[in-house]
Amino acid sequence: MTQPVSPPRDTAGKIGPAGRPATWRSLSARADVRTLSLLGVLAALVVIGGVTKPDEFLDTRNLQLVLTQASVIGVVTVGMTFVITSGGIDLSVGAIVALASVWATTVATQEYGFVGILFTAMVVGLGCGLVNGLLIAYGGMVPFIATLAMLASARGLALQITDGKTQIVTIDSVLRLGERDSYVLGVPPLVIVFAIVTIAGWLLLNRTTFGRRTVAVGGNSEAARLAGIDVRRQRLYLYLLSGLCCGIAAFLLIVLSGSGQNTNGNLYELDAIAAAIIGGTLLSGGRGTVTGSVLGVLIFTTITNIFALNNLQSDVQQIAKGAIIVAAVLVQRRTARTA
């Protein structure tokens with residue numbers, strides 16, 4: 001006679017809610033605590049900025065500037081979050097942004113107007129992501145090496161296209177998006193795009209099969225393969241997604257600066273990785289959070305703004321960012337050991 005299967009119990013012998021193991025509850029609780037901690041850090045930075053430079057920092061235009069600057073790297077970070085969650089890395093995001101921005105602002109491209117610039121930026125981003133994905137997923141290359149090669153190649157091609165010169169955008173419909181007249185209820189269009197990408201990324205990671213497959217591949221790729229997931233195709237899709245985000249970010253940067261330069265996106269890869277880590281995405285893969293990554297972007301952007309308003313040197317900013325990254329990694333390691 002078969003025995004009835006009892007619901008899972010936690011370590012104290014109690015039945016988990018809805019039959020779920022207590023492990024899921026603990027992970028959810030940690031995520032909530034992590035998000036609240038990040039919100040606390042961001043709130044503390046706002047207080048610091050308000051105390052040190054109350055007139056400048058709390059000015060509406062400055063807050064709009066912070067959000068606008070966060071939008072460009074924020075879109076890149078959303079794509080990076082998916083890649084890191086899958087156990088990969090993408091060191092080429094900054095170079096892809098540069099290449100997409102200069103390719104989309106050539107004289108030939110600008111002849112096609114707003115649509116031509118947007119379309120070119122996104123296609124270039126997707127093309128670079130496709131190359132990365134094919135080399136890693138089907139070529140068997142280590143993500144670090146493949147994306148490092150793309151970094152060098154994309155930077156070189158961007159320099160060749162521009163010949164080291166700044167390409168000025170002459171399309172009024174593109175330039176107007178960066179003007180205050182285009183703000184919607186005081187919100188810059190770039191911030192609205194960032195919000196849309198963030199919501200779409202959150203839904204994709206947390207509410208779709210694609211997101212569950214991403215986490216599964218990052219947690220244990222062999223187990224994911226045995227479970228019927230096409231690991232190689234999934235990785236290809238993830239690098240395509242990262243490239244698409246870079247293309248969108250390139251267009252936002254074009255709107256923000258009104259130009260295309262081969263130096264665009266400098267160190268974006270480090271900022272995106274750092275923001276994802278700060279937000280709670282595991283470098284080893286298997287866990288990612290779009291919400292945390294976005295908060296990480298806002299924290300770094302706010303720090304940069306406060307330092308700039310207080311006339312602190314850029315090297316001090318980099319040291320502070322480095323210290324925050326080290327602290328975040330140490331916290332991750334401690335959390336992993338106690339999980």
Side-chain angles (χ1 to χ4, degrees), residues 56-79 93-128 154 158 161-201 243-266 268 271-272 294 297-298 300-302 304-305 308-309:
E56 295 93 334
F57 181 79
L58 296 177
D59 183 72
T60 301
R61 295 199 175 195
N62 182 64
L63 296 177
Q64 289 172 335
L65 175 63
V66 171
L67 291 175
T68 301
Q69 292 175 337
S71 299
V72 180
I73 185 62
V75 171
V76 175
T77 303
V78 171
V93 291
I96 295 175
V97 169
L99 179 59
S101 69
V102 300
W103 207 323
T105 53
T106 60
V107 175
T109 303
Q110 292 195 50
E111 290 180 356
Y112 294 94
F114 182 99
V115 175
I117 292 177
L118 176 60
F119 178 78
T120 301
M122 295 177 66
V123 168
V124 171
L126 281 169
C128 292
I161 291 174
T162 60
D163 195 24
K165 300 175 183 177
T166 300
Q167 298 178 163
I168 305 299
V169 177
T170 59
I171 308 301
D172 291 337
S173 56
V174 174
L175 297 175
R176 278 199 299 270
L177 287 177
E179 298 176 355
R180 296 187 63 83
D181 292 341
S182 300
Y183 289 10
V184 180
L185 299 177
V187 181
L190 275 66
V191 178
I192 295 175
V193 173
F194 177 34
I196 293 172
V197 171
T198 298
I199 293 171
L244 176 61
C245 288
C246 289
I248 296 173
F251 179 77
L252 297 183
L253 194 56
I254 291 170
V255 172
L256 185 62
S257 63
S259 63
Q261 304 177 55
N262 66 285
T263 56
N264 281 343
N266 187 35
Y268 272 19
D271 288 342
V294 170
V297 169
L298 292 175
F300 274 133
T301 308
T302 304
T304 301
N305 183 259
L309 291 176

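- Taking CG of N262 as the reference point, atom OG1 of T162 lies at 4.0 Å (rounded to 0.5 Å).
- The side chain to side chain contact (heavy atoms under 4.5 Å, CB included) test with C246 singles out one residue from V75, V97, L126, and that residue is V97.
- Judged purely by atom type and a 3.5 angstrom limit, S71 uses its side chain to pair as donor or acceptor with the backbone of L67.
- The minimum heavy-atom distance linking P189 with S182 is given by the pair CG-O, 3.5 Å.
- The structure places CD1 of I73 at 12.0 Å from CG of L298, a figure rounded to the nearest 0.5 Å.
- Here L252 contributes atom CG and L190 contributes atom CG; the two are 4.5 Å apart, rounded to the nearest 0.5 Å.
- Annotation: side chain of C245 is not in contact with side chain of V76 (no heavy-atom distance under 4.5 Å).
- Partners of Q64 by side-chain hydrogen bond (donor to acceptor under 3.5 Å, both in side chains), not counting sequence neighbours, listed by chain and number: R180.
- Scanning both residues, A104 and I254, for their nearest heavy atoms gives CB-CD1, 3.9 Å.
- I168 meets the side chain to side chain contact (heavy atoms under 4.5 Å, CB included) test with T166, S259; sequence neighbours excluded.
- F251 meets the ring-ring contact (aromatic ring centres under 6.0 Å, His included) test with F114; sequence neighbours excluded.
- In this structure, D163 contributes its side chain and K165 its backbone to no donor-acceptor pair below 3.5 Å.
- Here T304 pairs with Q317, K321 under the side chain to side chain contact (heavy atoms under 4.5 Å, CB included) rule; sequence neighbours left out.
- Separating the OG atom in S173 from the CG atom in L118 is a distance of 10.5 Å, to the nearest 0.5 Å.
- Take N266 and apply the side chain to side chain contact (heavy atoms under 4.5 Å, CB included) test, not counting sequence neighbours, and it matches R155.
- Side-chain contact between Y268 and I96 is absent, with no heavy-atom pair separated by less than 4.5 Å.
- Residue pairs meeting the side-chain hydrogen bond (donor to acceptor under 3.5 Å, both in side chains) criterion with at least one member in residues 96-114, sequence neighbours excluded: S101-N264, T105-Q167, T106-T109, Q110-T170.
- L309 is linked by a side chain to side chain contact (heavy atoms under 4.5 Å, CB included) to K53, E56, F57, N62, N305, counting only residues two or more places apart in sequence or in another chain.
- Separating the CG atom in L256 from the CG atom in L175 is a distance of 11.5 Å, to the nearest 0.5 Å.
- A distance of 10.0 Å separates OG1 of T301 from CG of L65, quoted to the nearest 0.5 Å.
- With contacts defined as side-chain heavy-atom distances shorter than 4.5 Å, the pair T302/V66 qualifies.
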